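Encoded as structure tokens, the structure appears first; notes follow it.
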Amino acid sequence: MYRYNPDDLALIRERAAQFRAQVARWRSGALRDEEFRPLRLQNGLYVQRHAPMLRVAVPYGMISAVQLRKLADISRRYDKGFGHFTTRHNLQLNWIRIEDAPDILDELTEVEMHSIQTSGNCIRNITTDPFAGIAPDEGMDPRPLAEILRQWSAMHPEFSFLPRKIKIAISGSAGDRVLSWYHDIALRLDGEDEEGATFTVIVGGGLGRTPLRGQIIEQGLPWRHLLSYLEAIVRVFNLHGRRDNPYKARLKILVQRLGLAEFSRQTRDEWAHLKGGPATLTKAEYQRVAAHFSPPAYRSPTAQSAARLTTRKTAHPDFARWLERAVHPHKIPGYAAVILSLKAPGQAPGDITAAQMESVAALADDFSFGEARIAHEQNLVLADVEQGRLFELWQAARKDALATPNTGLLTDMICCPGGDFCDLANARSVAIARAIQTRFADLDTLFDLGEISLNISGCVNACGHHHVGNIGILGVDRQSEEFYQITLGGSQGSAAHIGKVIGPAVPAARVVDVVARILAVYRRERRPDETFLRTFDRIGSAPFKPCLRAADAETRAETAARN
Amino acid sequence: MNVLIRESAADFQLVPDDPWRIAPKEADALLSLPKGAWLYPLAAWQKEAAAISARGEPFGLWLYPDTPPIALEALKPRLVDFAVIALDFPVFTDGRAYSLARLLRERLGYTGELRAVGHVLLDTLLFTRRLGFDAWIMRERQHVDEAIAHLRSLRQSHMMRHPYQ
Ligand code: HEM
Ligand code: SF4
């Protein structure tokens, strides 16, 4: 993975020092609250329900064992010994003190980490595929370009005070594992010309209160021109995005208002000036960065190890189950990528304890060249594991509750921290996640239900991606009672789209019942080997509507009984 | 009280008596302006360019961040006439002037004084400096020494370098 050179390191150290000075000026009154707020946000520091929260960047999801140990250590000394992985390759520390933030940042620099632009109206942390560099369907490892994007966007002088945030994802694969249709800007490898890789550029997607699918603005864009093209898009946004209303300020709203054709015309006009300028990437620079991502020293598989894997599978059905769910194919024969689930029963999705961070670090050192990744589904990935050692890894991961075989199944939920931490929440999303985990703890049931995604957001900001869950659960406020709106049929991937609301919101106490009823309808209606999503696409929402009516009737009956 | 910091001779100085004032935009008020160093709002310049030039004194331009880039491009042949261009920050989080500054410096080749006015913070000196501003109006006298020290320290700063620009 990318190692900082002295200049990179000096930059984040200076940024940390600058932040320390900003905190001091705020405390002395030289910076007013409303001045300090955007400045602290630009550096990932929120003030939340119970305490300040610091969002640490894990750029494009790559994290080393050394960094994990440092985060564990920081979370113990400055927080309550745990952290929360978000959907955007960040780690949130929920219980820090503002006055400690500068020290935390200094300590992060020791392991080449920072919190630059993890929040605020600027270009946010760049996200990519957790299987980057190893996926069999990959045409190009997106990480060197992701690192270049990180450096380009970090403290970009023109784009540090945008109308609203810009989230960029990049993918080098045929399959879409970066949610490219729902980012402000997404870059997807689409082929090659005589100079190398070319990209499709998607703009104006996003979830939040106005979910909109992105649109293709450019195809066949040569990799050398990625930065100048992005500068053109972001400049048009910076100059013309709305600044009077934060709810109407995202790039997607500008693209919608102007229409793709006009937005694209303005972008191309800007690009005509920028193209070929100093932001043009050179081969030498690309190669300098790419050298950091050269493949590790893989070993050739032995026939013996393959045979051993087969016997272990037969002898240990639990292991076989875990293999089925947790293992992702690798382009090198004899290797596999392994998903370490952060969705064990009772665990808030994405939460990780300091002890677990250290265990992951040890596993990474032992099994995966000292590196791990963060997947946007809030799990961790060990990308380079020898297949012959999967059994050993499983046994080790199990000890720290990192081997729940539920990846891609119902309890592999995406869930925001909701009302337990977040100021903006209407509802306690984590409590709903827990209730679902408890109700559907039985593995046979989970395996029988098969591939399904259930995503929960505590409010309309959609941090938990509820729109694109096969089942989406959104917390809404009804006369200060927690209600949840249910959507069905959303999906990620190349054909990603937004789910449909199936009826009126239900009270918190009814959500799990409604989910159970929805799943019962699916089981009744499904054809052999048909996933939840395919069944829904075939039969539509009508057969699911009675699930809500039943919940409604029960609520009314209960209220009547109480009165 | 407003104070001006300006880059000169590769250093930064407090300029005690800044003569520049913002002119009114209304045409009749313009005609009766006393002699002086005036920064004309774009609308005033667009209407009265000839009269302004005919006054025979140095003049500048004052730009609000909603200035369309296309209006700037139209100014290109006359940019050499402006002694100063002031870009206004109604609040420091309004980043439009950053794009306008880049257009002026990079695309339109403006080489005169580029001045940040309005809500200018110690914290935005870095960005403005990187985009080619060379003068800043600070609102508070007491922050000037700090600002000058900061600007000087930026000369060695890694935050001033940008690998892809
Ligand atoms: C606890 C503190 C958090 C706060 C205050 C917060 C706030 C917000 C807000 C206000 C938005 C809406 C942006 C807009 O529509 O313009 C948003 C979007 C988003 N947040 Fe969070 N968030 C928090 C935590 C998280 C966490 C924990 C995750 C991941 C689990 C997350 C992931 C996202 C994502 C992916 C979006 C994008 C939705 C879109 O495309 O617009 N956030 N967040
Ligand atoms: S979806 Fe709402 S409740 Fe959940 S983290 Fe985002 S802002 Fe907070």
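Bear in mind that the values here come from a model prediction, so they are computed numbers and not experimental data. Just so we're on the same page: letters track the sequence lines, and every chain starts at 1.
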Using a cut-off of under 4.5 Å on heavy-atom pairs, state which of H240(A), Q151(A), R15(A) scores highest against chain B.
-> Q151(A)
Okay, T67(B) and chain A: the region with an atom under 4.5 Å from a heavy atom over there is neither
Identify which part of I12(A) has an atom lying under 4.5 Å from any heavy atom of chain B, answering side chain, backbone, both or neither.
-> neither
Go through the steps to decide whether V91(B) and E34(A) satisfy the test side-chain contact (heavy atoms from CB on, under 4.5 Å), and finish with yes or no.
-> CA-CA 11 Å; V91(B) 287; E34(A) 66 274 22; over 6 Å; no
Minimal non-hydrogen separation, S160(A) against F127(B), with atom names = OG-CE2, 3.3 Å
Could you tell me which portion of R25(A) (side chain, backbone, both or neither) has an atom closer than 4.5 angstrom to a non-hydrogen atom of chain B?
-> side chain
Heavy-atom proximity to chain A below 4.5 Å, by part of P68(B) = neither
So which of L281(A), I148(A), L162(A) has the largest heavy-atom pair count under 4.5 angstrom toward chain B?
-> I148(A)
Which pair of non-hydrogen atoms, one from N238(A) and one from G95(B), has the smallest distance, and what is that distance?
-> ND2-O, 3.0 Å
Using a cut-off of under 4.5 Å on heavy-atom pairs, state which of E231(A), Q22(A), H156(A) scores highest against chain B.
-> H156(A)
Drop me the distance from L122(B)'s CG to L31(A)'s CG, to the nearest 0.5 angstrom.
-> 8.0 Å
With a cut-off of 6.0 Å (strictly less than), are more than 12 heavy atoms of other residues, nucleotides or ligands near CZ of R37(A)?
-> no
Region of E270(A) that comes under 4.5 Å of a non-hydrogen atom in chain B = both
Taking atom types as modelled and ignoring hydrogens, do the side chains of E35(A) and H119(B) form a donor-acceptor contact shorter than 3.5 angstrom?
-> yes
Would you say K248(A) has more than 12 foreign heavy atoms packed within less than 6.0 Å of its NZ?
-> no
Taking the side chain as C-beta and beyond, is there a heavy-atom pair between E14(A) and M160(B) under 4.5 Å?
-> no
Would you mind reporting whether L126(B) and Q18(A) have side-chain heavy atoms less than 4.5 Å apart?
-> yes
Relative to chain A, which segment of D94(B) carries a heavy atom at a distance below 4.5 Å: side chain, backbone, both, or neither?
-> both
Closest non-hydrogen atom pair between T93(B) and P38(A), with its separation | CG2-CG, 3.7 Å
Chain B contacts, top residue of L227(A), D7(A), V234(A) (heavy-atom pairs, under 4.5 Å) | D7(A)
Contact part of A21(A) toward chain B, heavy-atom cut-off under 4.5 Å: side chain, backbone, both or neither?
-> neither
Distance (rounded to the nearest 0.5 Å) between R243(A) CZ and R96(B) CZ = 5.5 Å
For each of H150(B), R129(B), M159(B), tally heavy-atom pairs with chain A at distances under 4.5 Å, and name the one with the top tally.
-> M159(B)
Can you check whether L39(A) reaches F92(B) side chain to side chain, under 4.5 Å on heavy atoms?
-> yes
Between CD on residue E106(B) and CD on residue E158(A), distance to nearest 0.5 Å = 7.5 Å
Name the option with the most non-hydrogen atom pairs under 4.5 Å to chain A; the candidates are L131(B), D123(B), L103(B), L100(B).
-> D123(B)
